[in-house]
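Shown next, in structure tokens, is the structure this report addresses.
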Amino acid sequence: MKPLSRKIAAVTESATIAISNKAKAMQRQGIDVISLSIGEPDFDTPKHITDACIDALNRGETHYAPSNGIPELTSAIAEKIVTENKFPCTPQQVVVAPGAKQAIYEACEVVLDPGDETIILTPAWVSYEPCIQIAGGKPVLHEINQRTFQLDDSLLEKVNKKTKMIIVNSPSNPTGAVFNKTSMQLVADLCEDKDIYAMSDEIYEKMIYGKEHLSLASLGDMHQRTITINGFSKAYAMTGWRLGYAAAPKEIIVEMSKVQQHSVSQATTFAMFGAVAALKGDQSCVEEMRQEFDRRRRYVITELAAMGYEAAPAEGAFYAFVKVKGGDDVEVASRWLEMGHVAATPGSAFSAPGWIRLSYAASMEKLKEALARIKRVE
Ligand code: PMP
Ligand code: GLU
């Protein structure tokens, strides 16, 4: 038989999902595995959000909707962006997608032609590189200073005539680092000087501890060349709803819309009504979850430090990113899983060999037990 697509064969499967699947399979066999592998809030979606979705279902909101999203939602998103993220945005500059991941993929498809380069700042989340590859682009990795976790002029060495886009993710998955204004300004200046697009993945903007979130698009004219990605999975504990969005200049949204129309059509209609309730409703649920993550974060980071692990800043998101004490991170992660029954994701999956990522989006009880198990098998 003729070989399948070489382009897709070159793409690796999602390590976060693969490890989580493996942990689930072990659990199904009756093994008591604690999974700190996937980044997923352990809370249920707040009730006023699920109620709004159920009401929509009961009203018969079960039909196709406008492909970029129901007007109530695109308006609520544009309003949120103007007030919170502080850059101009109209409902026509928003596309709601089934997950932020789909929005990221669509953005790569519309910006990149074959061979166009996109800079990824590593350690980086697992799906940027495959999304660029599937879109035919070329990922160019730039390692962030692993002491400061901020950007410096060495970034400029990765730029050439083929550079089309740079991806920024602050707060970061997997490091938890939050870029300061100087790092963000460096990206903004680079994009404006060299005529480069930016994708700013801000999905963890609400999971931030003692730092201020800054949107790249709010700097100067950056809103004219930035695709801002966000979603409902993390802030509102809505991972399974598959709802995310992009905000960008109208010309980019028009192109993304085409990819969306010909692939997934739209996000699920009744789910979008839940998202309207999420944005328009009381935000105290977000703050309560943030405080609980903060409590767990302080516990996990303190315990890991006492165990002798060096950690990245942990200023945002819900991940502890630590250096393994020696040896290979993939080998350490499989030892933790096979012998300690704790699932964590090796740094290699994020182009950061020698590190390991633990999600602290799990109950205190599970975190305590997981750390005790790691102590036994490390
Ligand atoms: N960006 C980052 C940095 C993430 O960690 C995730 C989590 N999967 C996503 C995007 C995608 O989120 P979702 O597709 O669930 O909206
Ligand atoms: N973003 C989460 C993680 O990094 C969810 C899994 C995924 O989509 O990769 O674990």
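Ligands are counted one by one from 1 in listed order, and the atoms in each one are counted from 1 as well. Please read all numbers here as calculations on a predicted model, not as lab measurements.
For ligand 2, the atoms lying closer than 4.0 Å to a non-hydrogen atom of Tyr319 are 2 (C), 3 (C), 4 (O). For ligand 2, the atoms sitting less than 4.0 Å from at least one non-hydrogen atom of Asn173 are 1 (N), 3 (C), 4 (O), numbered in the order shown with element in parentheses. For ligand 2 and Lys234, the ligand atoms under 4.0 Å from any heavy atom of the residue are 1 (N), 2 (C), 5 (C). Taking a cut-off of under 4.0 Å to the non-hydrogen atoms of Ile38, the atoms of ligand 2 that pass are 5 (C), 6 (C), 10 (O).
Between Tyr204 and Val178 there is no side-chain heavy-atom pair separated by less than 4.5 Å. Between Ile49 and Met238 there is a side-chain heavy-atom pair separated by less than 4.5 Å.
Applying the salt bridge (Lys or Arg N to Asp or Glu O under 4.0 Å) test to residues at least two apart or on different chains, the pairs with a partner in residues 335-356 are Lys22-Glu338, Glu331-Arg335.
The single protein non-hydrogen atom nearest to atom 7 (C) of ligand 2 is Thr16 OG1, 3.5 Å, given as residue, atom name and distance. With respect to atom 8 (O) of ligand 2, the closest heavy atom belonging to the protein is Lys101 NZ, 2.9 Å.
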Which pairs would a plain distance check flag for residues 242-250, meaning a side-chain donor or acceptor within less than 3.5 Å of a matching protein atom at least two apart in sequence or in another chain?
unit_1	atom_1	unit_2	atom_2	d
Arg242	NH1	Thr239	O	3.0

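The side-chain hydrogen bond (donor to acceptor under 3.5 Å, both in side chains) check on Glu378 picks up Tyr309, Lys325, with sequence neighbours excluded.
Below 30°, between 30° and 60°, or above 60°: for Tyr360 and Phe318 the angle between ring planes is above 60°, a perpendicular geometry.
Salt-bridge formation is detected for the pair Arg290/Glu287: a Lys NZ or Arg NE/NH1/NH2 atom is positioned less than 4.0 Å from an Asp or Glu carboxylate oxygen. The existence of a salt bridge linking Lys206 and Glu84 is confirmed by a sub-4.0 Å separation between a basic side-chain nitrogen and an acidic carboxylate oxygen.
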Which protein N or O atoms sit under 3.5 Å from any N or O of ligand 1? Give each pair with its distance.
unit_1	atom_1	unit_2	atom_2	d
ligand 1	1 (N)	Asp201	OD2	2.6
ligand 1	5 (O)	Asn173	ND2	2.7
ligand 1	5 (O)	Tyr204	OH	2.7
ligand 1	14 (O)	Ala100	N	3.2
ligand 1	14 (O)	Lys101	N	3.0
ligand 1	14 (O)	Arg242	NH2	2.7
ligand 1	15 (O)	Ser233	OG	2.7
ligand 1	15 (O)	Arg242	NH1	2.8
ligand 1	16 (O)	Ala100	N	2.7
ligand 1	16 (O)	Ser233	OG	3.3

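Between Gly39 and ligand 2, at least one N/O pair is under 3.5 Å apart.
Assignment of Glu40 to the shell around ligand 2 is not supported, since no heavy atom sits closer than 4.0 Å.
Remark: Cys108 SG to Met256 CE distance equals 9.0 Å, nearest 0.5 Å. The structure places CD1 of Ile38 at 8.0 Å from OG1 of Thr345, a figure rounded to the nearest 0.5 Å.
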